Q: 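Questions regarding the structure given below will be posed in turn.
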Number of protein chains: 2
Amino acid sequence: MSKLTKQQTVESAWQRNAELGPFDFCPVRTTLNVLGGKWKLLVLSTLFEGSRRYGELRRLLPEITEKMLIQELRELELDGIVQRVVYQQVPPKVEYSLTEQGQRVQPMMAALVNWGQGYLTRTGAPPLPASLPPAQRNR
Amino acid sequence: MSKLTKQQTVESAWQRNAELGPFDFCPVRTTLNVLGGKWKLLVLSTLFEGSRRYGELRRLLPEITEKMLIQELRELELDGIVQRVVYQQVPPKVEYSLTEQGQRVQPMMAALVNWGQGYLTRTGAPPLPASLPPAQRNR
DNA sequence: TTACAAATAGCAAGTACCTACTAAAAAGTA
DNA sequence: TACTTTTTAGTAGGTACTTGCTATTTGTAA
């Protein structure tokens with residue numbers, strides 16, 4: 001993207017990262033580019049159960065800023081992971097759901113969950129934050 | 001971490017992200033925290049084949065800065081993913097290899113590779129960078 | 001007319017992340 | 001002494017990513 005256009009429009013995450021060079025057809029890099037946002041997997045996990053309106057997502061994921069939520073949704077839409085359907089009503093209604101590509105994330109995420117769980121149980125939660133008393137771990 | 005100690009020492013990635021709140025025992029978050037660095041999976045994939053000296057890694061991965069390379073290695077070591085063995089020689093020799101936790105990354109990464117490949121083939125490489133002529137895609 | 005709900009966008013400020021460059025240790029060799 | 005090889009650390013600067021706050025649209029209800 002040009003340095004001149006300082007304008008901050010939401011882009012496809014793929015596209016945003018696609019100018020870094022010829023490494024971009026690396027499958028892992030692709031996955032990280034498309035799904036690597038701080039909240040994307042969290043949002044997707046909510047959509048595994050079915051489609052949701054924007055407001056529902058907001059209520060289900062209060063730790064995400066509104067700004068971030070739409071931004072992530074917008075990127076996921078541009079990258080073909082979620083589908084956005086607008087109903088022509090007056091208090092507007094927008095429903096988000098997973099595309100086929102989005103559905104395919106589920107087994108992949110299962111692998112992440114699996115590794116993370118193994119790590120947590122095997123290392124006994126945070127590995128050696130020796131500086132903190134153990135009691136503080138669960139804060 | 002205290003705002004006062006501006007000192008920039010390498011921390012465990014787990015530890016660095018562990019103060020964000022009670023979400024941290026989420027397995028996915030854990031996985032992303034530990035393995036989410038820009039180069040970590042790339043480094044690990046190099047170690048799947050066996051142990052490597054620092055210099056070998058540097059040569060095999062020229063796109064990574066030396067600084068970043070040791071930093072990522074150090075974090076991975078602190079998080080228990082790689083093992084670091086120092087040989088008491090005069091031009092120093094240090095070998096890095098995967099721990100058991102590190103070995104377990106391989107199947108997980110396979111899932112990432114799989115998703116990324118599916119995405120690339122199904123969407124036909126970069127999805128709609130309509131602003132660029134198709135020829136430019138392979139730059 | 002004023003107020004409201006639902007969804008979304010923009011900007012400024014802050015934080016985290018990466019890179020480039022410089023430099024240190026250690027012990028043998030020229 | 002000066003110089004090499006191998007591994008590692010520090011610092012400054014830049015870029016990318018997140019957050020907080022404010023604002024817009026559009027019918028309908030008060």
Side-chain angles (χ1 to χ4, degrees), chain A residues 1-3 5-11 13 15-21 23 32-33 35-40 42-43 51-78 82 84-96, chain B residues 1-3 5-11 13 15-21 23 32-33 35-40 42-43 52-59 61-78 82 84-96:
Chain A
M1 179 176 45
S2 157
K3 292 281 170 71
T5 26
K6 175 64 181 162
Q7 193 187 20
Q8 175 194 3
T9 9
V10 181
E11 298 172 281
Q15 199 170 329
R16 172 156 35 81
N17 291 296
E19 313 197 33
L20 299 174
F23 310 92
L32 295 178
N33 283 349
L35 304 177
K38 182 169 180 185
W39 305 109
K40 287 194 178 152
L42 188 57
V43 172
S51 68
R52 297 273 184 191
R53 316 185 39 168
Y54 170 76
E56 289 183 278
L57 291 173
R58 190 156 50 73
R59 257 170 277 120
L60 289 166
L61 307 169
E63 61 271 41
I64 312 184
T65 331
E66 293 197 351
K67 176 72 190 306
M68 265 293 108
L69 183 53
I70 359 166
Q71 191 172 307
E72 302 279 60
L73 284 169
R74 187 103 187 76
E75 287 185 9
L76 289 169
E77 187 198 357
L78 288 170
V82 307
R84 179 171 169 273
V85 178
V86 184
Y87 294 79
Q88 286 303 130
Q89 304 181 354
V90 170
K93 172 180 174 179
V94 180
E95 280 212 335
Y96 291 93
Chain B
M1 179 175 49
S2 158
K3 290 283 170 70
T5 26
K6 174 65 181 162
Q7 193 185 19
Q8 174 192 4
T9 8
V10 181
E11 300 172 279
Q15 202 170 327
R16 172 156 36 81
N17 291 296
E19 312 197 33
L20 298 173
F23 311 93
L32 295 178
N33 283 350
L35 303 177
K38 182 169 180 185
W39 305 110
K40 287 197 177 146
L42 189 56
V43 172
R52 299 273 185 190
R53 312 185 41 167
Y54 170 75
E56 290 183 277
L57 290 174
R58 190 156 49 73
R59 257 170 276 118
L61 307 169
E63 60 271 39
I64 312 184
T65 331
E66 293 197 352
K67 178 71 191 306
M68 265 291 108
L69 184 53
I70 359 166
Q71 191 172 305
E72 302 280 60
L73 285 169
R74 187 102 186 78
E75 286 186 9
L76 288 169
E77 188 200 356
L78 287 171
V82 307
R84 179 170 169 272
V85 178
V86 184
Y87 293 79
Q88 287 300 130
Q89 304 181 356
V90 169
K93 172 179 172 180
V94 179
E95 280 210 337
Y96 290 92

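Keep in mind the model is a prediction, meaning the values are calculated, not measured. Just so we're on the same page: letters track the sequence lines, and every chain starts at 1.
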Q: Taking only the side-chain heavy atoms of A:Lys67 (C-beta and beyond), determine which of C:dT8, C:dA26, D:dC21 contains the nearest atom.
A: D:dC21
Q: CD of B:Glu66 versus C1' of C:dA25: gap in Å, rounded?
A: 15 Å
Q: Can you check side-chain contact (heavy atoms from CB on, under 4.5 Å) on A:Tyr87 and A:Glu95, steps first, answer last?
A: CA-CA 8 Å; A:Tyr87 294 79; A:Glu95 280 212 335; 3.6 Å; yes
Q: Going by an N to O cut-off under 4.0 Å, is there a salt bridge joining A:Lys40 and A:Glu75?
A: yes
Q: Salt-bridge test for A:Glu11 and A:Arg74: reply yes if a basic N is under 4.0 Å from a carboxylate O, no otherwise.
A: no
Q: Scan A:Arg59 against the nucleic acid and name what it touches under 4.0 Å (heavy atoms): base, sugar-phosphate only, or nothing.
A: nothing
Q: D:dC17 C1' sits how many Å from A:Ile64 CD1, rounded?
A: 15 Å
Q: I'd like to know if B:Glu66 pairs up with B:Arg58 as an ion pair, taking the criterion as any Lys NZ or Arg NE/NH1/NH2 lying under 4.0 Å from an Asp or Glu carboxylate oxygen.
A: yes
Q: Which whole-number value in Å describes the distance from B:Lys93 NZ to C:dG28 P?
A: 17 Å
Q: Between D:dT8, D:dT6, C:dT8, which one does the side chain of A:Tyr54 approach most closely?
A: C:dT8
Q: Please determine, for the side chain of B:Arg58, which listed nucleotide (D:dT7, C:dG10, D:dT5) has the closest atom?
A: D:dT7
Q: Of the nucleotides D:dT7, D:dT19, C:dT19, which has the atom closest to the A:Met68 side chain?
A: D:dT19
Q: Would you mind reading off the distance between B:Glu63 atom CD and C:dA20 atom P, rounded to a whole angstrom?
A: 12 Å
Q: For B:Ile70 and C:dA25, what is the distance between atoms CD1 and P respectively, to the nearest whole Å?
A: 15 Å
Q: Rounding to a whole Å, what distance do you find between B:Glu72:CD and C:dA16:P?
A: 16 Å
Q: Tell me which nucleotide among D:dT7, C:dT8, C:dT19 gets nearest to the side chain of B:Trp39.
A: C:dT19
Q: Across the strands shown, which category fits B:Gln89 at heavy-atom distances under 4.0 angstrom: base, sugar-phosphate, nothing?
A: nothing
Q: Looking for any heavy atom pair under 4.0 Å, which part of the strands does A:Arg53 touch: base, sugar-phosphate only, or nothing?
A: sugar-phosphate
Q: Measure CD/B:Glu56 against P/D:dT8 and give the value in whole Å, please.
A: 13 Å
Q: Taking the side chain as C-beta and beyond, is there a heavy-atom pair between A:Leu73 and A:Leu57 under 4.5 Å?
A: yes
Q: Would you say a side-chain N or O of B:Arg84 is under 4.0 Å from OP1 or OP2 of D:dT7?
A: no
Q: Grab the CG-P distance between A:Leu73 and C:dA6 for me, whole Å please.
A: 17 Å
Q: So if I take every side-chain heavy atom of A:Arg74 and compare against C:dA9, C:dT8, C:dT19, which nucleotide ends up nearest?
A: C:dA9
Q: Ignoring the backbone of B:Lys38, work out which of D:dT8, C:dC18, C:dA6 is nearest its side chain.
A: C:dC18
Q: Scan A:Tyr96 against the nucleic acid and name what it touches under 4.0 Å (heavy atoms): base, sugar-phosphate only, or nothing.
A: sugar-phosphate
